[in-house]
There are 2 protein chains.
Amino acid sequence: MLGTMAAERLPMPAPTPDAAPSTVGAAPAGKTRRRAGRPVARVLDQNGITTAALELISAKGYDGLTMAALAKSLGVAPSALYNHVSSKDDVLLLLEDHLAAMVDVSAFGTEPWDVAVRKWAWSYRDVFSKHTPLIPVIAVLPVANAPKTLAMYEAVTAGFRDAGFPEERIISAIVALEAFVFGAAYDVNAPEDIFDAGSLADQVPNFTAAVDRLAAEGHAMPTNVAFSLGLEALIAGLGALRQ
Amino acid sequence: MLGTMAAERLPMPAPTPDAAPSTVGAAPAGKTRRRAGRPVARVLDQNGITTAALELISAKGYDGLTMAALAKSLGVAPSALYNHVSSKDDVLLLLEDHLAAMVDVSAFGTEPWDVAVRKWAWSYRDVFSKHTPLIPVIAVLPVANAPKTLAMYEAVTAGFRDAGFPEERIISAIVALEAFVFGAAYDVNAPEDIFDAGSLADQVPNFTAAVDRLAAEGHAMPTNVAFSLGLEALIAGLGALRQ
DNA sequence: ACCTGAACACCGTTCAAGT
DNA sequence: ACCTGAACACCGTTCAAGT
């Protein structure tokens with residue numbers, strides 16, 4: 001649908017040995033002026049676009065990820081991007097799939113089910129907590145457009161099956177865990193004073209007392225306490241479905 | 001910080017009896033032309049803006065919620081909105097707080113803890129599944145700016161305390177449940193074929209088999225199966241913390 | 001096929017001017 | 001205090017022209 005599936009692995013025309021793997025025809029941004037017309041060597045590809053987008057995000061955040069800024073960092077005109085992606089959403093999809101490959105599924109098949117789920121969920125949350133603007137895209141994304149995401153699901157599904165999960169419950173269990181992971185990824189970015197009721201504190205005494213009691217425990221990352229609490233409940237509850 | 005707290009309940013100057021409650025000075029959009037300068041009766045307030053935004057969203061979706069469209073539906077110039085809200089994000093905050101008041105917390109204090117949590121969580125998910133663009137805002141929103149949201153938390157916290165929850169775990173448990181609810185709200189909007197691997201199906205046999213087995217059960221809303229599975233696990237696991 | 005450059009139809013937001 | 005109207009600095013995207 002979005003036309004982003006083809007991996008575009010085509011032979012590079014005499015690749016310069018010192019070039020970064022994702023840099024194709026190259027020309028460092030804004031060095032020499034390219035004249036109009038098709039260039040002799042292709043300048044862009046989806047890999048390079050993805051890498052440049054990640055660099056831009058890590059430097060300027062998602063607010064800095066505009067098609068214009070992305071094009072500039074690649075040394076092309078904004079319109080050139082549309083030869084390789086169909087829209088900005090398509091760029092987000094490329095990012096999502098790249099990140100999915102960084103989620104740790106290695107423990108499925110080598111470690112007990114609960115250990116593997118725990119590793120996977122923490123890793124999944126950590127990766128996407130730095131990329132929450134992708135969550136609305138992922139949560140609704142047909143997997144057919146994201147091969148690495150699909151590979152992640154395959155590893156997790158196999159782990160669940162081998163652990164004795166009834167096959168007709170596996171997808172639902174994964175969806176439930178993912179929902180928790182995505183919500184928790186937002187929570188990581190919440191400001192410290194998110195639960196400070198301010199001047200309304202005396203109108204919500206139970207809430208304020210509970211917030212204070214948690215604060216008194218002095219956890220470095222209270223978001224991790226909540227994540228652990230919920231994840232362990234899910235692991236215990238879902239694990240009981242195994243037979 | 002955003003200055004949206006004051007409820008602005010000021011006496012209406014001779015309210016027309018047939019006017020909608022949130023309509024203030026009124027003039028149905030685009031009827032008579034208002035000349036520049038301060039109008040005799042105020043035209044806007046935060047309540048009216050919230051109501052108009054909700055109508056706009058239900059008619060055109062969140063893509064249709066622009067400051068220009070919102071202003072037009074209220075019969076004012078876009079810049080007039082900025083006398084009542086500090087930004088578009090501020091409008092989203094008003095919406096969020098309005099919706100928080102629609103979440104059902106009535107069972108806390110009248111029904112057993114697990115029943116109350118179940119009702120709350122389903123209701124919370126249902127309300128926000130139609131408003132997922134608010135989730136990134138909520139998840140990171142200081143509660144001091146959202147009095148109705150705060151009231152919801154107070155009711156839930158009291159319910160947890162009365163059910164014997166250790167006070168220092170209540171907030172973490174609520175945060176965990178909320179993370180799940182927010183993630184699940186996205187899932188409600190996922191397309192039916194989200195898990196269709198398409199041409200890659202034979203590369204992910206375990207996944208495809210699991211997807212097919214779930215589909216074979218023919219649930220009207222598979223998202224509800226996942227939500228129920230996860231929620232019951234959370235209720236059981238978190239409920240075990242009571243003493 | 002794959003670039004450039006110009007253009008389009010929006011966005012959210014600011015601010016002087018008016019009453 | 002609270003409107004209008006004009007303006008600003010962006011956005012993502014399209015498309016003809018060039019090689």
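So that the names make sense, note that chain A is the first sequence line, chain B the second, and so on, each numbered from 1.
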Atom pair distance, as rounded to whole Å: [atom1] in [X] and [atom2] in [N]:
X       : N      : atom1 : atom2 : result
B:Leu70 : C:dC11 : CG    : P     : 12 Å
B:Leu81 : D:dT4  : CG    : C1'   : 13 Å
B:Gln46 : D:dC2  : CD    : P     : 11 Å
A:Tyr62 : D:dC11 : OH    : P     : 17 Å
A:Leu56 : D:dC11 : CG    : P     : 11 Å

Mind checking the [atom1]-[atom2] spacing from [X] to [Y]? Nearest 0.5 Å is all I need.
X        : Y        : atom1 : atom2 : result
B:Lys148 : B:Leu94  : NZ    : CG    : 9.0 Å
A:Leu99  : A:Phe128 : CG    : CZ    : 5.0 Å
A:Leu93  : A:Leu141 : CG    : CG    : 5.0 Å
B:His98  : B:His131 : NE2   : NE2   : 8.0 Å

Requested in this report: Consider only side-chain N and O atoms of A:Glu178 and B:Tyr186, and report whether a donor and an acceptor are under 3.5 Å apart.
Outcome: no

Partner of C:dG18 under the Watson-Crick or G-U wobble criteria, both distances under 3.5 Å, comes out as D:dC2

Paired to D:dA7 by Watson-Crick or G-U wobble criteria (both distances under 3.5 Å) is C:dT13

Those residues at least two apart in sequence (or on a different chain) that pass side chain to side chain donor-acceptor pair (under 3.5 Å) with B:Ser79 are none

**OP:** Would you please confirm or rule out a distance under 4.0 Å between OP1 or OP2 of C:dT4 and any side-chain N or O of A:Arg34?
**Re:** yes

| request: Would you indicate, yes or no, if D:dA1 has its OP1 or OP2 atom less than 4.0 angstrom from a side-chain nitrogen or oxygen of B:His84? | output: no

Checklist entry - Is A:Val76 touching bases, backbone alone, or none of the nucleic acid, heavy atoms closer than 4.0 Å? => result sugar-phosphate

Letter by letter from the 5' end, nucleotides 12-19 of chain C scores (B base, S sugar-phosphate only, - none; protein heavy atoms under 4.0 Å) SBBB--BB

